[in-house]
Visitor: 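Below is a structure I'd like to ask you about.
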Amino acid sequence: MSIEVKHISKSFKDVNALKDISFSVKEGELFGIIGPDGAGKTTLFRILTTLLIADSGSASVSNFDVVNNYKDIRKSVGYMPGKFSLYQDLTVAENLEFFATIFGTTIEENYELIKDIYVQIEPFKNRKAGDLSGGMKQKLALSCALIHKPEVLFLDEPTTGVDPVSRKEFWEMLKRLQQKGITILVSTPYMDEAALCDRIALIQDGEILEIESPEAIVLKYPKKIYDVGASEMYLLIESLKEYTHSYSVYPFGEFVHYSDKRESFDPKELQDFLESKGLKEITIAATKATIEDTFMELAK
Amino acid sequence: MKRFIGFVKKEFYHIFRDKRSLFILFGMPIAQIMLFGFAITNEINNVDIAILDKSQDATTEEIINKISASNYFSIQQYLKNESEIEPIFQKGKVKAVLVFENDFSKKLTTESNATVQIIADATDPNTANTISNFTSSILQKYQQEINQELKIPYRIIPETRMVYNQELKSVFMFVPGVMTIILMLVSAMMTSISVTKEKEMGTMEILLVSPLKPYLVIIGKVVPYILLSVINAVVIILMSIFIFKMPVQGSFLLLGLESILFIISSLALGILISTISETQQTAMMISLMGLMLPVILLSGFIFPVASMPMPLQVISNVIPAKWFIIIIKGIMLKGVGLAFVWKETLILLGMTVFFMALSVKKYKIRLE
């Protein structure tokens, strides 16, 4: 096991940030920690990167204990904090060179590993890191976290505040890194990114709700889900919530994800109800549950 | 070693790219020395005075000539009667008025007693005191001159000689003090700010999750500022020698080594401050309030330690600057060697080691 977490709990003053968390990540796995802001993701990352000590429980990274063998872990992992944490007054090249030096390596030595990412920011290598765009900053931060060829890579919300195109590119890069045998633990509040992981852990209020592969996790959704559409979104949501048999109602893009309490659900009956509320252009079609639906269901 | 050099290189990038701090770093010493050297001074020079001479005879004329011939006073106005004294003070035109009584010469020869009244504006007590002292000494000198022929038995004439600073130039007193303050501020404030900056920017988080050892981070932070502070010390000493003609009697080597010792002790204090503050602002406030004020008030730079109340005297002992000022005053003005300042040096060394050890111990290897 590359990462092993056993019954970790951590609290700050009166906040229980993590409550009895356990999971493990296999070698070479791309493991996602999915949860909203304040779920405890960053605290978990800081415990695993030896920055914080848990109140109880134990954890190991590459078979090193996070408390007793913290020095070994610091040599062998790459860490990219949630907040952009490079030297803003240093240029792209200087930042990379600095991190290579303090890890006792050179850019040339591990250039192969970062090549795909670095070529994209190389044209700006003499620009100060503080002047880069959000996506560029993340690429540089990832390059710096990778320059010493880490065994395990910790990425805390790497795509927060990054445009959709850069986000997509970023995940493609993670996939390529995974193929090079690097274990990756990544956290994100975006449910659509969760589908790109091998396995995900859904986390809320410091508790893990479920650990599964993205494909398996949606099967956990207990009901059939329907895309319901109508001319007036707001009235539609209100009406669906009013409907006596409704089990869950969540807006999802241009539709509303609806599920019914009953086993035998007749779309015609719902259509009539909605028409009686004065809604027009009503469409009802069966659809698959998403990770978001599952998360909402589990988080209830 | 390569890691260490890489770290120091990064520190220099930070320093040289932040133009504003760079300006403070090198502009402050020059500005301070100039301020203390020229503007803030205890000496009096061309102080404006007025004279009310009620007798207007040969003797008073001679005394007035002597007073105006000195560089200390410049006579602005001759008053006609006492009622003019109050208004002239109120207008702030003069700092003092000399009043010669009626029939000054006659009284001096017949009664061998004549009075000169010195009225000084004591809103600024220091200047008022100095004016009255200087005037008295001019009068005394004149008295001795006219008494030369007379035989007065058993006279004690005190002959004062000011050693080490014969002209009583206040800049000689300020230079060691200003040098101390600047070295202390630059070293302690700049390092504490640069460490807390890493905390604020989040880069400390990455530095911690790296194989870089804590003591290397500390030394790496300190080394650039040792170099910069040494440059500052050299600039201050050169300025005091060439601009203020201050003689450095003792050995430059000893002065340099003692300065480096003091710089290191201040840097250690700076690191210590950074371990207890989370933001650059707190670090700056602690450095300014916690270091600069005690240094100015308690180190003996402006107010002599010996005339402080007992509790303050005790407190002043824990201020490294106090010992450093004693040392450099000794070396610069008295020209003493290590044999005379070894005790102070040892105290300073002990403090440096203590601060160093404490800051390495307090340096956090994790986030909390």
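Every chain is numbered from 1, with letters handed out A, B, ... down the list of sequences.
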Visitor: If you define the side chain from C-beta out and look only at heavy atoms, does anything of A:V77 sit under 4.5 Å from A:E151?
Guide: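 SC-SC contact between A:V77 and A:E151 ruled out.
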
Visitor: With respect to chain B, which residue among A:S85, A:G82, A:S76 yields the maximal number of heavy-atom pairs within a distance under 4.5 Å?
Guide: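 Of A:S85, A:G82, A:S76, A:S85 has the most heavy-atom pairs under 4.5 Å with chain B.
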
Visitor: In terms of heavy-atom proximity below 4.5 Å to chain A, should B:L207 be classed as side chain, backbone, both, or neither?
Guide: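 Only the side chain of B:L207 comes within 4.5 Å of chain A.
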
Visitor: Ring centres under 6.0 Å, that's the criterion: do A:F98 and B:Y13 meet it?
Guide: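 Between A:F98 and B:Y13, the centre distance exceeds or equals 6.0 Å.
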
Visitor: Quick one: of B:D18, B:I5, B:I206, who has the most non-hydrogen atom pairs under 4.5 Å with chain A?
Guide: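 Highest number of heavy-atom pairs under 4.5 Å: B:I206.
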
Visitor: So, are B:K199 and B:E205 salt-bridged, with charged N and O less than 4.0 Å apart?
Guide: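 Salt bridge flag = no for B:E205 with B:K199.
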
Visitor: Pick one of side chain, backbone, both or neither for A:I73, based on which atoms fall under 4.5 Å of a heavy atom in chain B.
Guide: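 Neither part, no heavy atoms under 4.5 Å.
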
Visitor: Is it the backbone or the side chain of A:F84 that comes under 4.5 Å from a heavy atom of chain B, or both, or neither?
Guide: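 It is the backbone, since no side chain atom gets that close.
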
Visitor: I'd like to know which of A:K83, A:K128, A:Q88, A:H148 tops the heavy-atom pair count under 4.5 Å against chain B.
Guide: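 Counting heavy-atom pairs under 4.5 Å, the top option is A:K83.
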
Visitor: Indicate yes or no: does A:R176 engage A:D116 in a salt bridge with an N to O separation below 4.0 Å.
Guide: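 Answer for the salt bridge query: yes.
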
Visitor: For residues B:H14 and A:Y87, establish whether the separation of their ring centroids is below 6.0 Å.
Guide: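 Under 6.0 Å, so yes.
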
Visitor: Pick whichever of B:G6, B:G202, B:P211 has the most heavy-atom pairs under 4.5 Å with chain A.
Guide: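 Most heavy-atom pairs under 4.5 Å with chain A: B:P211.
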
Visitor: Determine the option with the most heavy-atom pairs under 4.5 angstrom with chain A, choosing from B:E198, B:M201, B:K10.
Guide: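 Ranked by heavy-atom pairs under 4.5 Å with chain A, first place is B:K10.
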
Visitor: Closer than 4.0 angstrom, basic N to acidic O: yes or no for A:E122 and A:K139?
Guide: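 Result for this pair is no, no salt bridge flagged.
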
Visitor: What residue in A:T50, A:I102, A:I53 has the most heavy-atom pairs under 4.5 Å with chain B?
Guide: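 Highest number of heavy-atom pairs under 4.5 Å: A:I102.
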
Visitor: Within 45 degrees of the ring normal and closer than 6.0 Å to the centroid, is that where the cationic atom of A:R74 sits relative to A:F64?
Guide: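 No; the conditions do not both hold, so A:R74 does not lie above the ring face of A:F64.
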
Visitor: For B:K197, is it the side chain, the backbone, both or neither that has a heavy atom under 4.5 Å from a heavy atom of chain A?
Guide: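 Side chain only.
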
Visitor: Of the backbone (N, CA, C, O) and the side chain (C-beta and beyond), which part of B:K364 lies under 4.5 Å from a heavy atom of chain A, both, or neither?
Guide: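 Interface part for B:K364: neither.
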
Visitor: A:K19 side chain to A:D205 main-chain N or O, any donor-acceptor pair under 3.5 Å?
Guide: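 Checked: pair present.
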
Visitor: Considering only heavy atoms, which portion of A:K71 lies under 4.5 Å from any heavy atom of chain B: side chain, backbone, both, or neither?
Guide: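 No part of A:K71 comes within 4.5 Å of chain B.
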
